[in-house]
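Step one of this worksheet: look at the structure below.
Order of the sequence lines sets the chain letters (A, B, ...), proteins ahead of strands, with each chain counted from 1.
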Protein chains: 2
Amino acid sequence: MNGSTPTPARTTRQRTEVTALLQEVNDFLTAQQLHGLLRERGAKVGLTTVYRTLQRMVETGEVDATRTPDGEQLFRQCSRSRHHHHLVCRMCGRTVEIEGPAMERWTEKVADQHGYTDIAHTLEIFGTCSACAR
Amino acid sequence: MNGSTPTPARTTRQRTEVTALLQEVNDFLTAQQLHGLLRERGAKVGLTTVYRTLQRMVETGEVDATRTPDGEQLFRQCSRSRHHHHLVCRMCGRTVEIEGPAMERWTEKVADQHGYTDIAHTLEIFGTCSACAR
DNA sequence: ATGAACACGATAATCGTTTTCATTTAGGAG
DNA sequence: CTCCTAAATGAAAACGATTATCGTGTTCAT
């Protein structure tokens with residue numbers, strides 16, 4: 001085609017195992033937790049590769065990343081590819097994907113009013129889910 | 001008096017210098033940037049003390065802390081004590097405090113609809129301010 | 001089947017932040 | 001004012017998550 005960055009993306013055993021795990025797990029986990037789960041199930045994948053694979057998947061939009069209040073990165077494979085946010089149970093980690101078109105427009109409007117460009121935002125909602133509240 | 005935690009809080013030269021700087025600067029800066037500024041103005045304060053002082057001020061609510069998308073901590077002394085959010089320049093840290101009553105209500109409504117209680121949320125908007133966009 | 005580009009992974013390096021611990025200091029008691 | 005002790009300081013070391021290195025192993029188009 002051309003000289004731009006075509007992003008290869010090869011199918012390797014390790015990547016297959018990481019993506020397989022992500023499809024089963026439905027919570028936000030750290031790279032190290034995911035690595036631990038892979039080892040538990042006998043998958044021989046290096047921690048470095050887990051990080052690199054997640055990094056790549058975040059860039060391609062296949063995986064969402066957030067951070068704990070401590071600054072640790074959390075990864076999760078979300079069902080919708082569109083931009084969205086999360087409602088997370090602080091007890092069990094159960095996650096609901098949410099969208100807020102009006103809120104999105106509001107952030108852009110506010111940023112624009114103050115002369116800021118190249119806008120990005122982070123929004124996470126934490127609560128206690130009904131099951132954990134009982 | 002008793003054995004509870006009365007929170008001492010002594011007045012030291014170092015703490016005075018840190019709080020003085022925070023009152024002059026009203027951008028979100030990292031602990032290291034603040035430490036650098038202190039040294040520039042000739043204040044002899046150790047980096048450790050800067051971290052510890054900021055930590056304490058965050059706990060007492062005197063200072064607000066956020067994180068850059070990279071996970072670095074940012075500190076700032078905010079003018080309003082009421083709940084608010086920030087529009088932060090990713091280049092220089094210039095900050096605008098913003099409120100979004102409608103957005104607040106929206107997060108509560110969404111959380112309630114999904115049966116989540118005891119709601120809390122984080123929202124930060126990052127952009128490039130007009131000066132840095134130059 | 002081949003080989004060049006890509007991927008793997010053990011290890012070392014980064015880098016922001018915290019801990020350690022010996023020394024200094026604030027500030028109340030006498 | 002002097003003493004005393006808990007609190008504070010800070011240089012250096014430890015930490016912990018993430019990233020870079022680089023020699024080896026794999027993928028896959030030809």
Side-chain angles (χ1 to χ4, degrees), chain A residues 1-21 28-39 41-60 62-76, chain B residues 1-21 28-60 62-76 88 90 93:
Chain A
M1 290 300 183
N2 55 42
S4 64
T5 41
T7 310
R10 284 185 179 175
T11 301
T12 68
R13 174 179 57 77
Q14 291 87 340
R15 285 179 187 171
T16 300
E17 310 212 70
V18 170
T19 55
L21 176 60
F28 272 103
L29 298 179
T30 66
Q32 314 218 21
Q33 288 175 316
L34 289 167
H35 179 239
L37 289 173
L38 286 170
R39 306 213 98 193
R41 60 162 67 182
K44 292 187 288 102
V45 183
L47 178 58
T48 304
T49 297
V50 173
Y51 271 108
R52 268 191 300 231
T53 301
L54 289 171
Q55 183 82 32
R56 176 186 301 259
M57 294 180 84
V58 167
E59 284 165 5
T60 62
E62 296 171 76
V63 162
D64 275 29
T66 318
R67 282 179 191 277
T68 66
D70 308 318
E72 266 182 276
Q73 270 191 293
L74 297 176
F75 303 89
R76 179 176 188 267
Chain B
M1 295 301 177
N2 56 43
S4 65
T5 42
T7 310
R10 283 184 181 175
T11 302
T12 67
R13 175 179 56 76
Q14 292 87 340
R15 284 179 189 172
T16 301
E17 310 213 72
V18 170
T19 55
L21 176 59
F28 264 107
L29 297 180
T30 66
Q32 314 220 21
Q33 287 176 316
L34 289 166
H35 178 240
L37 289 173
L38 286 171
R39 307 214 97 195
E40 276 182 28
R41 59 162 65 181
K44 290 187 288 102
V45 183
L47 178 58
T48 303
T49 297
V50 173
Y51 271 109
R52 271 191 297 230
T53 301
L54 290 171
Q55 183 85 27
R56 176 184 303 258
M57 296 180 83
V58 167
E59 284 165 6
T60 62
E62 296 171 77
V63 162
D64 276 26
T66 319
R67 282 178 191 278
T68 66
D70 307 319
E72 266 182 276
Q73 271 190 293
L74 297 175
F75 303 90
R76 178 174 189 268
V88 186
R90 60 167 62 84

Exceeds 12 heavy-atom contacts within 6.0 angstrom, atom CZ of B:Arg13: yes
Could you tell me whether the phosphate oxygens of C:dG9, OP1 or OP2, come under 4.0 Å of any side-chain nitrogen or oxygen in A:Thr49? yes
Please state how far atom CZ in B:Arg10 lies from atom C1' in D:dC4, giving the value in whole angstrom units. 11 Å
Which listed nucleotide (D:dT9, C:dA5, D:dT18) is nearest to the side chain of A:Gln73? D:dT18
Taken to the nearest whole Å, CZ/B:Arg15 to P/D:dA7 is 11 Å
5' precedence on DNA chain D between A:Arg52 and A:Leu47 (nearest-nucleotide basis): A:Leu47
Tell me the interatomic distance from A:Gln14, atom CD, to C:dC6, atom C1', rounded to whole angstroms. 12 Å
Between A:Glu17 and A:Ala43, which heavy-atom pair has the shortest distance, and what is it? OE1-CB, 3.2 Å
To the nearest Å, how far apart are B:Arg39 CZ and D:dA11 P? 7 Å
Figure out the CZ/C1' separation between A:Phe75 and D:dA17, and round it to whole Å. 11 Å
B:Leu29 atom CG is separated from C:dG16 atom C1', nearest whole Å, by 16 Å
Write down the atom of B:Asp64, the atom of B:Phe28, and the distance for their closest heavy-atom approach. O-CE2, 3.5 Å
Measure from the side chain of B:Val45, starting at C-beta and using heavy atoms only, and say which of D:dG10, D:dT18, C:dT17 lies closest. D:dG10
What I want to check is whether the side chains of B:Gln32 and B:Thr30 have a donor and an acceptor closer together than 3.5 Å. no
Among the candidates D:dT21, D:dA12, D:dC28, find the nucleotide nearest to the side-chain atoms of A:Thr48. D:dT21
At 4.0 Å (heavy atoms only), tell me whether B:Thr30 reaches a base, stays on the sugar-phosphate, or touches nothing. nothing
In terms of side-chain heavy atoms of B:Tyr51, which of C:dT18, D:dA8, C:dG9 is nearest? C:dT18
Can you check the B:Asp70 CG to D:dG16 C1' distance for me, whole Å? 17 Å
Between B:Thr12 and B:Glu72, which has a closest nucleotide on DNA chain C that is more 5'? B:Glu72
Residue pair B:Thr11 / B:Thr16: nearest heavy atoms and the distance that separates them: CG2-OG1, 3.9 Å
Nearest whole Å is fine: how far is C:dT17 P from A:Arg67 CZ? 11 Å
Give the nucleotide from the list D:dA8, D:dA17, D:dT19 with an atom nearest to the side chain of A:Gln55. D:dT19
Shortest side-chain distance from B:Gln32, nucleotide among D:dG10, C:dT17, D:dC28: C:dT17
Closest listed nucleotide, where the reference is the side chain of B:Arg13 and the choices are D:dG10, D:dA8, D:dT27: D:dG10
